[in-house]
K.L.:
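Could you have a look at this structure, given as structure tokens, before my questions?
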Protein chains: 4
Amino acid sequence: MQARKLRRFEARAADRLIFFSDAVVAIAITLLALELPVPEGPTVAALRSAVHDDLGHYTAFLISFAVIGAAWGQHNRAFRYTERADDRLRALNAGWLLTIVLNPFATKLLTTEGDDTDTVGLRFGFYALLQCLAHASVIAMERRMTTRQLRDRDVPPELVAAGDPVLYGLLLGFGLSVPLFFATQYAWILWIVVPVGAGQLSRYRARTAAAD
Amino acid sequence: MQARKLRRFEARAADRLIFFSDAVVAIAITLLALELPVPEGPTVAALRSAVHDDLGHYTAFLISFAVIGAAWGQHNRAFRYTERADDRLRALNAGWLLTIVLNPFATKLLTTEGDDTDTVGLRFGFYALLQCLAHASVIAMERRMTTRQLRDRDVPPELVAAGDPVLYGLLLGFGLSVPLFFATQYAWILWIVVPVGAGQLSRYRARTAAAD
Amino acid sequence: MQARKLRRFEARAADRLIFFSDAVVAIAITLLALELPVPEGPTVAALRSAVHDDLGHYTAFLISFAVIGAAWGQHNRAFRYTERADDRLRALNAGWLLTIVLNPFATKLLTTEGDDTDTVGLRFGFYALLQCLAHASVIAMERRMTTRQLRDRDVPPELVAAGDPVLYGLLLGFGLSVPLFFATQYAWILWIVVPVGAGQLSRYRARTAAAD
Amino acid sequence: MQARKLRRFEARAADRLIFFSDAVVAIAITLLALELPVPEGPTVAALRSAVHDDLGHYTAFLISFAVIGAAWGQHNRAFRYTERADDRLRALNAGWLLTIVLNPFATKLLTTEGDDTDTVGLRFGFYALLQCLAHASVIAMERRMTTRQLRDRDVPPELVAAGDPVLYGLLLGFGLSVPLFFATQYAWILWIVVPVGAGQLSRYRARTAAAD
């Protein structure tokens, strides 16, 4: 078989892997909303009070929607120039999919009862650890693609070599929050501050470098 | 990397965005039917009475099926010539997906108990507001595609510049119904009358213009 | 825009319609199994008795799996050479999707309580009517494609003009069973006998014609 | 119609079959996690005890995630060079999809009550039989593709003729475990040992052959 045709079949298999991953993410993100509690009440006051009681569920849904969306965005970016997949990349991707599939479960965990610091630490810590593993998988996949040249050969190295600072910010933000949740419930602030800060910092540096 | 290859990768990333959105819509529209109450009864009279009791659920399902179908149709039309996606378009699309994913929840809200005007206003108003935001996102995405030239460069401006009158009709119909639901439950009539009227009017104008 | 590029965009929009339909069918067919009752029991006898009690659910699942599979197969065949979609085809396809999405609901209806002839007639009749509408939609879509030349222009008319005898057999089998269910529960035999017979008959005729 | 165009349409229909299968697998694998029990408890001890009580569910989820993942991987590999699909291949694929769709059900069966050897045998035996049938379908599909030349004509026979030893190992491992489950609950060890062993053995042989 000519090299060109073989490459076409390899690209098709890679596309199928990407497609399959997209479908899994799409289902996980849609299922998030499936079990949202529906507020009920005969009067406006009763309705408002029902909404108030379930505020935790609505917040957890919005957070998880953003979290899965960010994970998908990173996967998307990482696979932008991918033309081939080897067994290792497939295994890493399966690990990534496992973290995605567990998100609806982890989201429910966020909103169960129990307010003492240690159980909060366990529940939120598990959620953050899951996201941390998701982003670590993406980083591992990017490295695999670089070392094994699984991307299109014409992609200039500077486009993919550095990695996305936001990705590393997500890894760091979720990772640091795991132990911190045993001290304070507000550790989730790191989930936003660290990746956004990493993105800003890198853009600032790029501007400074360009100005020099 | 040559410009042509880069464009191919950009088109592939845009296709992935579209595909992902389609999968989310497909799941949301199929989940609508998942919790339809199944009428039960040992006799025809009992069965008929069970159907009658759940008539609200069946109507809400059919409305939401049509509403999500219309939203998908507009998204489809808006992305017809899209060849690239930038961060802003992705963010707007994520907002659109959020409104889609919330549809099964909002549909359940339509059929909860509570008949006094204010709770009806809150429940139906939330549903209409959600659709209003969905269509506003599509309009924002169309504008972004126009200003940043994210569509194929050979598409003649007149094919995409004007925007679809039905889309603006949907935005207006859902938007106007939000306050009106606090006065009457029949405000949903606007959901049909305004977009259909907008479509008719624009076709009438096109015919008149062609006749001149 | 050149005609060739326009055709490419039209084909892309048609592909998106097909893809969206496939995703909906895939979800509906997978959800069928979601609510299968899980047999439980501490002993083999108890387990066997639990399976026996739920036999109706397992049969209904298998029937619906085959029914949705057949519907997808007909859709697949009908759209094999489709290169464009107009508004009417989209509307007909939306109707087809509505029948698909209602299948898990209609399957649950098959297995609710109530054994007197009239309620059986209503429950099974609704199921059969739904399938009948699904196949009628496919026939309507095939006609639209023929009259509006929505297929690739090089497809020889004899490949698509005649229509699939099995499709008409499915329409007839499901359609005839609707009134018959008010007389006997065994009307479902028509679902199998008529389409299989139609397929056999047409193959027999083709052989006879070839032998002449 | 020219042969080349016909081949393009055949490839498109085959792609649609593959895509549909992927969507079904993606949904089945994501639904696995949907009904995972969420551990609750006001203290760390209570939470830990809740996790402990549900350990069987978490293990069953992880096993089924790996099992469906492996089934998808084998399907992926089998269809790598497929350019056409005939009716028989479609029917076999429908059978494969049935086994996939039943996985969430079979996984629930693993974790129901009942510890005596015979009920364990029935529950685990059913699960293993299902996987056995899945892999037998893939083998039957590979044979069909070979005898009917449904793959790209330029694929060298040695790439596809031999079949994947891991696939045969999965078939054998699951198949042997079915009767063994009536003797011991640990028969699942075969699910891992036989396919891994088959893979190792074939790699060892390939190395020895290359060294000669």
Side-chain angles (χ1 to χ4, degrees), chain B residues 11 14-15 18-48 50-51 54 57-58 61-62 64-66 68-70 72-73 75-83 151-160 166 199, chain C residues 1-6 8-32 34-35 85 87 90-91 93-95 97-123 126 130 182:
Chain B
D15 280 343
I18 292 173
F19 161 77
F20 179 71
S21 309
D22 280 357
V24 169
V25 180
I27 299 153
I29 212 170
T30 315
L31 290 181
L32 278 182
L34 195 64
E35 297 186 42
L36 279 179
V38 179
E40 291 192 61
T43 63
V44 172
L47 205 58
R48 188 177 296 162
V51 170
D54 291 328
H57 287 95
Y58 303 132
F61 161 74
L62 289 173
S64 283
F65 186 89
I68 298 185
W72 182 75
H75 191 271
N76 208 332
R77 198 187 46 67
F79 278 82
R80 189 171 180 111
Y81 304 112
T82 306
E83 296 276 275
R151 294 196 188 84
D152 183 272
R153 286 169 309 172
D154 296 339
V155 179
E158 65 270 21
L159 256 183
V160 291
V166 176
Chain C
M1 196 155 45
Q2 325 97 290
R4 211 185 129 203
K5 205 162 207 178
L6 193 67
R8 195 165 64 77
F9 281 116
E10 283 180 333
R12 187 201 192 196
D15 279 344
R16 197 178 163 185
L17 185 74
I18 292 172
F19 161 77
F20 179 69
S21 309
D22 281 358
V24 169
V25 180
I27 299 153
I29 212 170
T30 316
L31 289 181
L32 279 182
L34 195 63
E35 298 186 42
D87 283 350
R90 285 171 193 281
N93 196 61
L97 286 176
L98 182 60
T99 67
I100 294 292
V101 158
L102 281 171
N103 261 298
F105 167 77
T107 304
K108 281 185 225 158
L109 206 59
L110 287 185
T111 51
T112 51
E113 303 287 321
D115 275 350
D116 79 287
T117 321
D118 281 350
T119 58
V120 166
L122 281 177
R123 294 190 286 113
F126 176 80
L130 194 68
F182 289 90

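In the text below, chain A, chain B and the rest are named by the order of the sequence lines, each starting its count at 1.
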K.L.:
Looking only at heavy atoms, what is the nearest atom pair of B/F65 and C/L97, with distance?
P.N.:
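So the minimum-distance heavy-atom pair works out to CZ-C, 4.0 Å.
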K.L.:
Considering only heavy atoms and a distance below 4.5 Å, find which of B/L47, B/N76, B/V38 pairs most often with chain C.
P.N.:
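Most heavy-atom pairs under 4.5 Å with chain C: B/N76.
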K.L.:
Can you say whether C/F19 sits under 4.5 Å from chain B via the side chain, the backbone, both, or neither, judging by heavy atoms?
P.N.:
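The side chain, not the backbone.
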K.L.:
Show your reasoning for whether side chain to side chain contact (heavy atoms under 4.5 Å, CB included) applies to B/D154 and C/F9.
P.N.:
CA-CA 11 Å; B/D154 296 339; C/F9 281 116; over 6 Å; no
K.L.:
In terms of heavy-atom pairs under 4.5 Å, which option from B/D22, B/L36, B/V44, B/T43 contacts chain C the most?
P.N.:
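Of B/D22, B/L36, B/V44, B/T43, B/D22 has the most heavy-atom pairs under 4.5 Å with chain C.
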K.L.:
Would you check if C/L109 and B/E40 make a side-chain contact, meaning some heavy-atom pair closer than 4.5 Å?
P.N.:
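SC-SC contact between C/L109 and B/E40 ruled out.
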K.L.:
Closest heavy-atom contact between B/R80 and C/R12?
P.N.:
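Shortest heavy-atom contact: O-NH1, 3.0 Å.
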K.L.:
Is it the backbone or the side chain of C/E35 that comes under 4.5 Å from a heavy atom of chain B, or both, or neither?
P.N.:
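For C/E35, side-chain heavy atoms alone lie under 4.5 Å from chain B.
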K.L.:
Can you list the steps and then say if C/V24 with B/V25 is a side chain to side chain contact (heavy atoms under 4.5 Å, CB included)?
P.N.:
CA-CA 9 Å; C/V24 169; B/V25 180; over 6 Å; no
K.L.:
With a 4.5 angstrom heavy-atom cut-off, could you sort out which part of B/F61 is near chain C: side chain, backbone, both or neither?
P.N.:
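The side chain, not the backbone.
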K.L.:
Which heavy-atom pair separates C/F105 from B/P37 by the least distance, and what is that distance?
P.N.:
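Result for this residue pair: CE1-O, 3.3 Å.
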K.L.:
What residue, out of C/D118, C/L34, C/I100, has the most heavy-atom pairs lying under 4.5 Å from chain B?
P.N.:
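Between C/D118, C/L34, C/I100, the count favours C/D118.
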K.L.:
When rounded to the nearest 0.5 angstrom, what is the spacing between CZ in C/R8 and CG in B/D152?
P.N.:
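Those atoms lie 6.5 Å apart.
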K.L.:
How long is the straight-line distance from CZ of C/R90 back to CZ of B/R77, given to the nearest 0.5 Å?
P.N.:
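Here the rounded value is 10.5 Å.
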K.L.:
Could you tell me which non-hydrogen atom of C/V101 sits nearest to which non-hydrogen atom of B/I29, and how far apart they are?
P.N.:
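Minimum heavy-atom separation between C/V101 and B/I29: CG1-O, 3.9 Å.
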K.L.:
At a 4.5 Å cut-off on heavy atoms, which part of C/L122 comes close to chain B: side chain, backbone, both, or neither?
P.N.:
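Answer is side chain: those atoms of C/L122 sit under 4.5 Å from chain B.
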K.L.:
Considering only heavy atoms from C-beta outward, does the side chain of C/T119 approach that of B/R48 to under 4.5 Å?
P.N.:
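Answer no - side chains too far apart.
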